[in-house]
Every structure is written in structure tokens, then in C-alpha cells.
Amino acid sequence: MVVTSSELEDGIAQAVEHRRNFAIISHPDAGKTTLTEKLLLYGGAIQEAGAVKAKRTQRSATSDWMALEQQRGISITSTVLQFEYQGHVLNLLDTPGHQDFSEDTYRTLAAADNAVMLIDAAKGLERQTRKLFEVCRLRRLPIFTFINKLDRPSLTPFELMDEIEQELGLATYAVNYPIGTGDRFQGVFERRTRKIHLFQRTAAQGRKKASDTMIDLDDSQIESLIERELYDQFKEELEILEGAGAELDLQAVHRGEMTPVFFGSAMNNFGVELFLQSFMDYAAKPEAYESSLGEVSPTYPEFTGFVFKLQANMDPKHRDRIAFVRVCSGKFEKDMVVKHARTGKTIRLSRPQKLFAQERESVEYAYPGDVIGLNNPGAFTIGDTVYTGEKLVYPPIPSFSPELFAYLRNADPTQYKNFNKGVAELQEEGAVQILHSTDESKREPILAAVGQLQFEVVQFRLAQEYGAETRWEPLPFTVARWVTGGWDALEKVGRLFNTLVVKDRWERPVLLFKNQWNVEQVMSDQPELELSPIGLPPANLTSF
Ligand code: G4P
């Protein structure tokens, strides 16, 4: 059958209609792995929870790379998970959850259409969640809040929602509302169906789906099921919520101004299905992306996408690299021939992969909102655009201010060439940012990262892949700011205190500060000097 352009467009429109793509943002230990598993369990992608976690610990023995993961007991490699739920295709862009998170976490958000902010009910907002939220805000991503661990003593629902409103400036809408917490957790009231779902602790941390017992808000049995005192308190709070709280405004949700809030306990499978059902209805579909040709609708029939992440050595047997591409428009088909916007080269995308945890599966086609993994023999760097049809370029993915800095020293002078090659390639791949001193006598590169883990990965890979043993020497800075006006602007203001001037990979000035207070001091002393926490590749490189 010959597919005409309009038939193709219909197919794409239908696929877009049913796709929901999201990433989970959270602080370590909030329950991201647990929630991910339970979403997969309810999405039918796994029959029993426990597998993803088990794999984390099982898989390492065979490879050095994995050995690093095992030593640290964490998952460095992250994956894209796809599953179906009630006729929808869900893409979960899984970001690493460890405290030493890396720039990959930020970059993954560049490919996400929605974010699920997972919060531990006992702790409320935590550091890493706040940082990731800031990146979501820059992209105006719709945010869905899942407040987890209600089976433990928790802050009150009002305290939790207040914190989100006050600190993040996001309006909240409680989609469901808890009755009691901790040992007295009774269940949640779902506002759209006006039903109470009764909480039950599950056996074996909820490996299998749990049964769901529901009753009406005014059911006469309620007294025998829920403690009177808690029920009365809940009714009072519900009245306040429904009297004073905002209505659910999906447009505000999609603009990233309001967050629907869900309460539950991922470990007990409680609230997970309720979340999925509403998420399907409320989440943003894949939408238009800005490009050099203007807005590109997902239903634009030509295939376009961009690389948001590169991953080395996921498969210890192949030592290969994978470029993760977010599909923005059109339909991707295996063996497709596309253009690479930066190099102008033509490439056949012949071994595309869909990733499910560590198992790879070849993908025949993909639609907007999907992510495909392409084997990357050095062809791609972060932010690269691939396309068919008329040339277009998607904007570069920004570098966010690193928070850790260190001189990287080559321990063995005979390996200098390998050391340089390794550093250049790892920088190109986006594994770490590299800065240089303005003092010509200091030739060692300065590693700049958002998490310590990035340093360890660089050191490990330099030794393994390039035979270069290295040492690093920490520098006492925690903030970087790009000087918007370049060297001229810097010269104009003369001498600056409490800051070190360095160069980025494009020889542009960057200021390093010990702390935020010093940044503010310089900004108030030099109001003319424009500083940015975000570094973008120079325009001539991206032709955007
Ligand atoms: P992360 O990926 O965000 O780091 O968190 P993870 O899912 O690994 O969960 C962190 C800990 O919190 C785990 O306990 C997990 O079982 C627990 N947890 C997750 N959801 C809930 C919940 O709804 N209620 C309660 N009470 N605990 C929850 P752990 O002891 O560190 O590990 P494990 O031995 O239970 O696997």
C-alpha cells in the first residue's frame, strides 16, 4: 500500500493523541524506583514488582562499568520505559535517582512533556526536587505531584500543599485527599468520583496488584470502616479545601502554573492506579517544539528529533554508545535515512533500540513523544538535530551551572596524548563540562559537574577506555556564571573580587564563585555586568 501524506498525518495524529511522556523528579529515597515499578505493574509491563530493583543488583558481575555501579550500589545508567495503559502509550523517561546525580537528569527533562514530582510525605520538598523543579519551570513543564509514604507519619496535607504553593509558586489542586496518615492512614477520597478508597497494607511490599475497596462518601457503613475522629476531621478539611481551594484548571496545569496533587503509598500499591487514571486525562500530549523553522507540530509529516542524552557502555559486551533521540514530529521507521543538521551528513538509522531496563528490543517505528536509542559511533553530540525533508534545527540543550569543580591531573606523563583525547571526547559526549584557567601556565582542565558521580565516571572511563590514570584536586567553588557580554563586558568592569575567571570550551568567560552570596555581591557591585546561570553553545555552532 502506498501511504499518502494525509494518511500518514492521520496515523501520526492518532499516535500523538494517545501518547503521554513524562519523567519523575524526586530526591533520593522518596520512592522513585518503587513508584516506577508500580506504574509498570499497573501498566501490565511486568507481572510482579521487584524486578527492576533486583536487576540493579544482579547485573554487574560481568563488567567493570557495572562494577562501579555495584560498588556504589546505585544505578548510573538510566533507561526509557514504555508501557500501555487503557489504550494509551506511556513513555517514562527514567532519570537517575542517586544523590550524586548528573547533567543527564537535567537533559532528560528537555525531552519530557510532563514531570511527576514525587515527594516523601514526611519530608516535604527536598533539595534535589527543588533543583529539578527549577529546570521544569524553565521549560514550563506541566507538573503532577505524587505525595508518597502516607502509611508513615507525615506532614499534614495542608502543610505539604502550602509548601508547594509558597516555595515553588505553583497553585495546587488535590485530586485526591488522604484520611489520616501513618498507622492511622485510612485511605483517600477521590474528588472527581466522590469515592473513598480504603487503604490496605499489602503483603511483600505490594509485588502483585492490590484489590481496591471503595465506598461512597456518605455510605452508612462508613462509621464501622473509618475511625470517627479521623472521618470528622477529614470532612472538616474537605470543606475548607472545596470552599477555598482553586478549581482544577487544565490550561494552568499545562502552562506549569498549577499542579494536580495525589496522595498514596507506592510501596503498598495504594493510589498508583488512581494516579494513572487521572494522569492519562490531565497530562499534556506531545506538543509543538520551537525550531529554526518556527514551531514544529508533532503531526508535521517529516520525521524530526533531537539527541538529548548520550550513554556509554550500557552493554558491557559491546562497549558501545547510545544516542537517545526524542522524536518531535512525523513517524520514525527502522532503516530510515535522515540528515544530521550539524554535520550535513546523511545517516541510515539502522539499529534503533527501544530500551526496557537493561533488555534491548529493536524498534520498528516510533512517534512523537517516543524516545529511540541509536547506536552512536561518534556521530552525535548532545543537542544534535536529525530530520527528513526541509532542514531544521532544534535549539541547543543548555548547560546548567555546575556546582563542583576540580583540576584534573594526568598521573602518568607518557599517557598525555591519551589523556587529552579522552578528556576531549568525554567533553564532546557531555559526560562533564570542561573549563580552563586563564593562566596559561595552568594547562590542566577544570572538571565542572553538577554531581560528584560525574567526576568518578570521568576518572573511571579515562582509565578504562583511554588507559589514562588521573587524580583530581577539588576547587573551592560551588557556582558558575557565564558573562553574557563576553570578554569586553568583563574588561569594562575592571577587577572583581571573590571570583575566579575561567574559560569555557568556546573560550568564553565564566566566573566561579564560592557561594551564592558572592554572586549577589558581584551583581550588586557591578549592576552593568550581566551574568547567566545557563551556558548555551555559540549560535554559529547550532545555526539556530
Ligand atoms: P528512590 O528510588 O527514590 O531512591 O527510592 P526507592 O524506591 O528505592 O525507595 C526508598 C525506600 O522507601 C525503600 O526502602 C522503599 O521500600 C521505601 N518506600 C517507597 N515507597 C514507600 C511507601 O509508600 N511507604 C513506605 N513506608 N516506604 C516506601 P528501603 O528500606 O531503602 O529499601 P527496601 O529494602 O524496602 O527495598
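We count ligands from 1, going down the list as the structure has it; atoms in each ligand are counted the same way.
Close N/O approach between Gly264 and ligand 1 is not found [any backbone or side-chain N/O within under 3.5 Å]. Inclusion of Ser26 in the set of residues having an N or O under 3.5 Å from an N or O of ligand 1 is not warranted. An N or O contact shorter than 3.5 Å is missing between Pro28 and ligand 1 by distance.
Contact annotation for Arg152 and ligand 1: only side-chain heavy atoms (C-beta onward) come within less than 4.0 Å of the ligand.
Test Lys285, Arg326, Arg20, Arg140 against Asp113 for salt bridge (charged side-chain N to carboxylate O under 4.0 Å, His left out) and you get one pass: Arg326. Just one residue in the list Phe146, Phe279, Phe144 forms a ring-ring contact (aromatic ring centres under 6.0 Å, His included) with Phe22, and that residue is Phe279.
Of the candidates Ile147, Leu150, Asn148, Thr33, Asn148 brings a heavy atom nearest to atom 20 (N) of ligand 1. Among Val272, Leu35, Asp120, Asp151, the residue whose heavy atom sits closest to atom 25 (C) of ligand 1 is Asp151. Summarising the contacts of atom 7 (O) of ligand 1 with Asn268, Thr34, Asp29, the nearest heavy atom is found in Thr34.
Each of the following atoms of ligand 1 lies closer than 4.0 Å to a heavy atom of Ser265: 22 (C), 23 (O), 24 (N).
Side chains of Tyr177 and Ile196 form no contact here, defined as non-hydrogen atoms less than 4.5 Å apart.
Look at Glu429 and Arg107 and you find no salt bridge, because none of the NZ, NE, NH1 or NH2 atoms lies under 4.0 Å from a carboxylate O.
Rounding to the nearest 0.5 Å gives a distance of 12.5 Å between CZ of Phe199 and CD1 of Ile179.
Distance alone, capped at 3.5 Å, is enough to place a donor-acceptor pair between the Asp370 side chain and the Tyr367 backbone.
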